[in-house]
2 protein chains.
Amino acid sequence: MFSAVDVFEAVAEPNRRHLLGLLAERDRTAGELVDSLPTLTQPAVSRHLRVLREVGLVEVRPDGQRRIYALKPDGLQRIDDWITPYRRFWRDHLAALQQHLENR
Amino acid sequence: MFSAVDVFEAVAEPNRRHLLGLLAERDRTAGELVDSLPTLTQPAVSRHLRVLREVGLVEVRPDGQRRIYALKPDGLQRIDDWITPYRRFWRDHLAALQQHLENR
DNA sequence: GCTGAACATAACTAAAGGCGTATATAAGCG
DNA sequence: CGCTTATATACGCCTTTAGTTATGTTCAGC
């Protein structure tokens with residue numbers, strides 16, 4: 001109902017970024033992901049996966065009693081879209097630096 | 001104990017993204033930024049600016065008793081660098097969609 | 001020096017977020 | 001059917017965060 005988490009909040013959490021990194025390599029079951037985050041308990045990982053699901057960054061499909069998680073391709077695009085207009089700032093900056101080096 | 005906010009946390013806050021948007025247009029004084037966020041008080045905006053400063057997303061220069069804030073070009077690049085490896089996912093996805101359309 | 005403007009910080013409060021333990025749900029297996 | 005494995009949810013705890021009001025601090029102009 002409430003708690004409408006957005007994608008920026010979702011990726012602000014380091015463990016969740018870690019999970020996304022793992023899923024970028026390949027699809028994994030919830031159990032594999034739990035094993036990959038040894039500092040967290042199973043419920044903690046499950047909750048992080050829920051957040052990622054709710055903002056559309058991952059999707060799940062059942063496989064017997066397992067649940068296979070997969071990266072959802074277009075989720076991060078919203079962040080990328082947000083960054084796009086800013087990109088020119090550091091491009092300009094780099095260009096200026098290069099210019100400066102060439103002129104000395 | 002210590003805050004050590006990172007850039008992902010910094011941009012997770014909607015008001016801070018709003019501030020970055022304003023600074024992308026042009027440099028502004030703290031006062032102008034306060035006026036641009038009428039739902040917040042002056043101290044609240046000041047603290048958001050502090051967070052943005054601490055993660056290197058903006059910089060300040062004094063101008064008499066004013067403080068002029070400016071976007072710092074390379075701050076968001078860290079997020080962009082993080083996103084880069086994921087970018088292929090939605091590109092592949094889009095390509096697959098296009099392929100699908102062409103083949104029907 | 002005094003006063004007001006511009007901005008930052010302090011102190012507090014309320015809400016949210018992340019964690020772990022305990023418990024539920026659901027599927028596989030004998 | 002029980003029993004075990006895989007995963008999700010409930011609940012309480014604790015820490016962090018964002019907000020407010022109140023107070024500092026610094027500079028400009030008289």
Side-chain angles (χ1 to χ4, degrees), chain A residues 1-23 26-72, chain B residues 1-23 26-72:
Chain A
M1 179 184 173
F2 27 132
S3 112
V5 186
D6 75 337
V7 68
F8 288 93
E9 289 251 350
V11 303
E13 221 287 328
N15 290 312
R16 288 197 286 262
R17 288 203 298 279
H18 191 180
L19 289 170
L20 291 176
L22 292 166
L23 293 176
R26 63 170 178 276
D27 296 359
R28 297 182 196 244
T29 66
E32 288 179 294
L33 294 171
V34 169
D35 294 344
S36 303
L37 285 165
T39 66
L40 294 185
T41 59
Q42 176 265 321
V45 175
S46 187
R47 278 193 314 264
H48 282 310
L49 289 171
R50 171 133 104 113
V51 172
L52 293 174
R53 235 186 303 134
E54 285 176 350
V55 302
L57 283 174
V58 304
E59 60 189 357
V60 206
R61 56 179 190 276
D63 174 38
Q65 53 179 348
R66 318 277 173 93
R67 302 201 139 227
I68 300 179
Y69 279 83
L71 202 63
K72 223 174 151 186
Chain B
M1 181 186 174
F2 39 78
S3 43
V5 186
D6 75 336
V7 67
F8 288 93
E9 291 245 352
V11 304
E13 220 288 329
N15 290 313
R16 288 197 285 262
R17 287 203 300 278
H18 191 180
L19 288 171
L20 291 175
L22 293 166
L23 293 176
R26 63 166 178 280
D27 297 358
R28 297 181 196 246
T29 67
E32 287 178 295
L33 295 170
V34 170
D35 294 344
S36 302
L37 286 164
T39 66
L40 293 185
T41 59
Q42 177 265 319
V45 175
S46 186
R47 283 198 9 222
H48 282 309
L49 289 171
R50 172 133 103 114
V51 172
L52 293 174
R53 234 186 305 135
E54 284 175 352
V55 302
L57 284 175
V58 304
E59 60 189 356
V60 207
R61 58 179 188 276
D63 175 37
Q65 52 179 347
R66 318 278 172 93
R67 301 199 136 229
I68 299 180
Y69 279 83
L71 203 63
K72 223 173 149 187

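Chain naming here is simple, since letters A, B, ... match the order of the sequence lines and numbering starts at 1 in each. In this text the structure is predicted, and so the values were computed from the model without any measurement.
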Base of [N], side chain of [X] - is there a donor-acceptor contact under 3.5 Å?
X: B/Gln42; N: C/dA6; result: no
X: B/Glu13; N: D/dA18; result: no
X: B/Arg47; N: D/dG19; result: yes

Scan [X] against the nucleic acid and name what it touches under 4.0 Å (heavy atoms): base, sugar-phosphate only, or nothing.
X: A/Glu9; result: sugar-phosphate
X: B/Pro43; result: base
X: B/Leu49; result: nothing

Length of the [atom1]-[atom2] vector between [X] and [N], whole Å:
X: A/Arg16; N: C/dC19; atom1: CZ; atom2: C1'; value: 13 Å
X: A/Leu37; N: C/dG20; atom1: CG; atom2: C1'; value: 15 Å
X: B/Arg67; N: D/dG24; atom1: CZ; atom2: C1'; value: 14 Å
X: A/Arg66; N: D/dA8; atom1: CZ; atom2: P; value: 13 Å
X: B/Ile68; N: C/dA6; atom1: CD1; atom2: C1'; value: 12 Å
X: A/Leu52; N: C/dG18; atom1: CG; atom2: P; value: 11 Å
X: B/Arg61; N: D/dT26; atom1: CZ; atom2: P; value: 21 Å
X: B/Asp35; N: C/dA6; atom1: CG; atom2: P; value: 9 Å

Nearest to the B/Gln65 side chain among D/dT7, D/dA6, D/dC27, which nucleotide is it?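 The answer is D/dC27, which lies nearest to the side chain.
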From C-beta outward on B/Ala44, which listed nucleotide comes closest to its side chain: C/dC7, D/dG19, D/dA8?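 Out of C/dC7, D/dG19, D/dA8, the nucleotide with an atom closest to B/Ala44's side chain is D/dG19.
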Starting from the 5' end of DNA chain C, give me the residue, A/Asp63 or A/Thr41, whose nearest nucleotide shows up first.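 That would be A/Thr41.
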Nearest-0.5 Å distance that lies between atom CG in A/Leu49 and atom CG in A/Leu23: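 So the CG of A/Leu49 and the CG of A/Leu23 are separated by 7.5 Å.
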Quick one: is [X] getting a side-chain N or O under 4.0 Å of the [N] phosphate, OP1 or OP2?
X: B/His48; N: D/dT17; result: no
X: B/Arg50; N: C/dT9; result: yes
X: A/Tyr69; N: D/dA6; result: no

Polar side-chain atom of B/Arg17 near backbone of B/Ala12 as donor-acceptor pair, under 3.5 Å: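 Pair found, side chain donor or acceptor close to backbone of B/Ala12.
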Determine whether a donor-acceptor pair (N or O, by modelled atom type, separation under 3.5 Å) exists between the side chain of A/Arg16 and the backbone of A/Ala10.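 Indeed, once roles are kept as given, a pair shorter than 3.5 Å links the two residues.
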Does a side-chain heavy-atom distance below 4.5 Å link A/Glu13 with A/Val51?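 In short, these two side chains do not touch, never coming nearer than 4.5 Å.
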Check this for me: B/Arg53, atom CZ, are more than 12 non-hydrogen atoms of other residues, nucleotides or ligands nearer than 6.0 Å?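 More than 12 within 6.0 Å, yes.
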